[in-house]
Amino acid sequence: MTVSRTVCLGFLAVIVVGTVLLMMPFSTSSGTWNDPIVALFTSTSAVCVTGLAVVDTGTDFSFWGQLCILLLAQIGGLGYMTTTTFLIMLVGRKFSLRQKIAIQQTLDRPGMHGSSQVIQSIIATTMIFEITGVFLLMPAFVADYGWDQGVWLAIFHSVSAWNNAGFSLFSDGLIRYQSSWLVVFTITMLIIFGGIGYQVILETYLWLRDRLLNKTTNLVLSLDFKVACSTTLILLFTGTIAFFIIETKNIKTFGSLNLPTQFLAAWFQSVTSRTAGFNGIDIGQMTSAGLFITIALMFIGASPGGTGGGIKTTTLRVLTSCTKSILQGKEEVLLYERKIAISLILKAVAVLVGSVAMLVLSTVLISITDPKLNFIQLLFEVVSAFATVGLSTGITSSVSVPAKLILIVTMYVGRVGVLLLMAAVLGDPRPSRVHYPEENLLVG
């Protein structure tokens, strides 16, 4: 039982448990047994922090069903190994060597020392941001729905936003709050910090602490921090400008809004397209150019160590740096005056190739099962499922059962990762001491 198999089977186990719970009569608002396909799809979407839904979460599920979805999204956002390790800590058991190795590989840490402190820090960071989000969202929701419903709405949307899950209890997503600066700012900040990764948040905290305490020692920011932050800012800024320019003349999305709300909606769309999946506008009414930009942002996704999906910002930067090095005639790939190892370049290429292959396979299969679907809507749905975003043009509930099962598999593969899934199936690779002669090959 390798680490990759433990993680993959762990996610499957959580999905199965969630499916059983969501099938129960107490999970539905009607009090009857739920459709197994609906329960399986919703459980997978929650555990994989996707947000795609075949039914209305706010009306078709009872309070207990909504709570189950929220807990599944929390487990999926934290990750299987983080959640199980935290439970082990709660019961007072000590870590075995296998568990320490699993934590090290799952969190991509250099060593096994301090594993319990890392898990505690991740849980504490999660609680701080989610609780802060609840208090910031309460004024808007309580004013509209009263204390009981308003507090629950604040809790649900804060947890969903931090975990980049995209589930909402409103039938129109967050369209009704597209002009609320408080709601948009709170949700987008939770999405950004949840998707940027724990390591970046920790380094930000240490940097601010040193500045406030006027420490003379300078904190050396890691390459992960520089790449994740710079790439995230570039994507957010570029996406906001692109959506504002393209959708401003579209009367069905931004055209009917005033100028400040248009900028706010463009910002929200740029943030949520990366992996969150909240609706700030009617996605089905977007222009083709807007949909393609959204697909590109969804495919890139969040940063490693975060709660989002996609190929990750670091993968994008490594690949673009490779292209830059080739154009400049260099034989080394550099990022912020640091040389990128060949193994990381190979991993980035493998992630890209595996992701594209999965998208092509899913798109072809669904186009066979549902030939009447519009291609751009189909591609949008598949990319949204694989990148665990949850945005939809409105076809999720209308596709056939085989198409829903394909989307379920796509969401699962996107959450655990193509390389991790292949490692679980094929087993961990074994290093070889055999080296073969080098020969040129025509490329491009």
Side-chain angles (χ1 to χ4, degrees), residues 45 48-52 73 76-77 129 133 157 160-168 173-174 178 184-201 224-225 227-244 246-247 263-281 283 286 289-320 351-352 355 359 379-393 411 414-415 417:
S45 183
C48 298
V49 290
T50 304
L52 285 176
F129 274 92
H157 287 87
S160 181
W162 168 259
N163 291 288
N164 282 225
F167 279 96
S168 176
L174 294 175
Q178 64 184 185
V184 170
F185 174 79
T186 303
I187 294 295
T188 52
M189 288 301 103
L190 287 171
I191 292 170
I192 292 171
F193 281 104
I196 206 167
Y198 163 76
Q199 182 64 30
V200 174
I201 297 175
D224 281 324
F225 179 93
V227 172
C229 289
S230 61
T231 309
T232 298
L233 291 175
I234 292 172
L235 291 173
L236 291 177
F237 177 78
T238 305
T240 301
I241 298 302
F243 283 125
F244 178 79
I246 292 173
E247 295 294 331
F263 273 110
L264 195 63
W267 161 256
F268 187 85
Q269 188 64 24
S270 178
V271 174
T272 192
S273 296
R274 293 274 308 291
T275 60
F278 288 103
N279 282 11
I281 56 175
I283 303 298
M286 293 180 69
L291 291 175
F292 267 106
I293 292 175
T294 306
I295 289 174
L297 292 175
M298 290 192 300
F299 183 67
I300 296 170
S303 299
T307 56
I311 64 171
K312 309 298 184 184
T313 54
T314 50
T315 303
L316 174 68
R317 287 296 295 273
V318 169
L319 294 174
T320 53
V351 169
L352 177 64
S355 300
L359 292 177
L379 179 63
F380 191 98
E381 197 82 6
V382 171
V383 175
S384 179
F386 177 78
T388 68
V389 179
L391 292 176
S392 175
T393 56
M411 288 189 288
R415 182 64 185 94

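Atom set for the values below is all heavy atoms of this structure, side chains included, hydrogens, waters and symmetry mates excluded. It should be emphasised that the depicted structure is a prediction, and the values quoted were computed from it without experimental measurement.
- Thr231 meets the side-chain hydrogen bond (donor to acceptor under 3.5 Å, both in side chains) test with Arg317; sequence neighbours excluded.
- Contact record, Ile191 with Phe278: CD1-CD1, 4.0 Å, taken as the closest heavy-atom pair.
- The side-chain contact (heavy atoms from CB on, under 4.5 Å) check on Phe225 picks up Val200, Glu203, Thr204, Leu221, Ser222, Cys229, with sequence neighbours excluded.
- Phe299 CZ to Leu359 CG: the interatomic distance, rounded to the nearest 0.5 Å, is 5.5 Å.
- Closest of all the heavy-atom pairs between Phe193 and Ile201 is O-CD1, 3.3 Å.
- We find the CE-CD1 distance between Met298 and Ile293 to be 12.0 Å, quoted to the nearest 0.5 Å.
- To the nearest 0.5 Å, atom OH of residue Tyr198 and atom OG1 of residue Thr307 are 15.0 Å apart.
- Nearest approach of Met286 to Phe243, heavy atoms of both residues: CE-CE2, 3.7 Å.
- Rounding to the nearest 0.5 Å gives a distance of 8.0 Å between CG of Leu174 and CG of Asn279.
- What you find for Gly173 and Ser168 is that their closest heavy atoms are O-OG, 3.6 Å.
- The backbone N or O of Thr313 sits nowhere less than 3.5 Å from a side-chain atom of Ser303 that would complete a donor-acceptor pair.
- Here the side chain of Thr272 pairs no donor or acceptor atom with the backbone of Gln269 at under 3.5 angstrom.
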Problem - Derivation of the side-chain contact (heavy atoms from CB on, under 4.5 Å) call for Leu264 and Gln178 - result: CA-CA 7 Å; Leu264 195 63; Gln178 64 184 185; over 6 Å; no
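- In terms of the side-chain contact (heavy atoms from CB on, under 4.5 Å) criterion, residue partners of Ser45 (sequence neighbours excluded) are, by chain and number, Thr50, Leu52, Phe167, Met411.
- A donor-acceptor contact shorter than 3.5 Å is absent between the side chain of Thr275 and the backbone of Val389.
- Note that CD1 of Ile281 and CG of Leu391 are 9.0 Å apart. Values are rounded to the nearest 0.5 Å.
- Separating the CH2 atom in Trp162 from the CD1 atom in Ile192 is a distance of 11.5 Å, to the nearest 0.5 Å.
- When all heavy atoms of Ser355 and Ile311 are compared, the pair lying nearest together is OG-CG2, 3.6 Å.
- Among all heavy-atom pairs drawn from Asn164 and Leu190, the shortest one is ND2-O, 4.5 Å.
- Shown here are the ring-ring contact (aromatic ring centres under 6.0 Å, His included) partners of Phe263, two or more places apart in sequence or in another chain: Phe244.
- Sorted pairs that involve residues 289-298 and meet side-chain hydrogen bond (donor to acceptor under 3.5 Å, both in side chains), not counting sequence neighbours, are lacking altogether.
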Handout entry: Full working for side-chain contact (heavy atoms from CB on, under 4.5 Å) between Thr240 and Val271
Key = CA-CA 8 Å; Thr240 301; Val271 174; over 6 Å; no
Could you list the donor-acceptor pairs under 3.5 angstrom formed between side-chain atoms of residues 232-239 and any protein atom two or more places apart in sequence or on another chain?
residue: Thr232; atom: OG1; partner: Ala228; partner atom: O; Å: 2.6
residue: Thr238; atom: OG1; partner: Ile234; partner atom: O; Å: 2.7

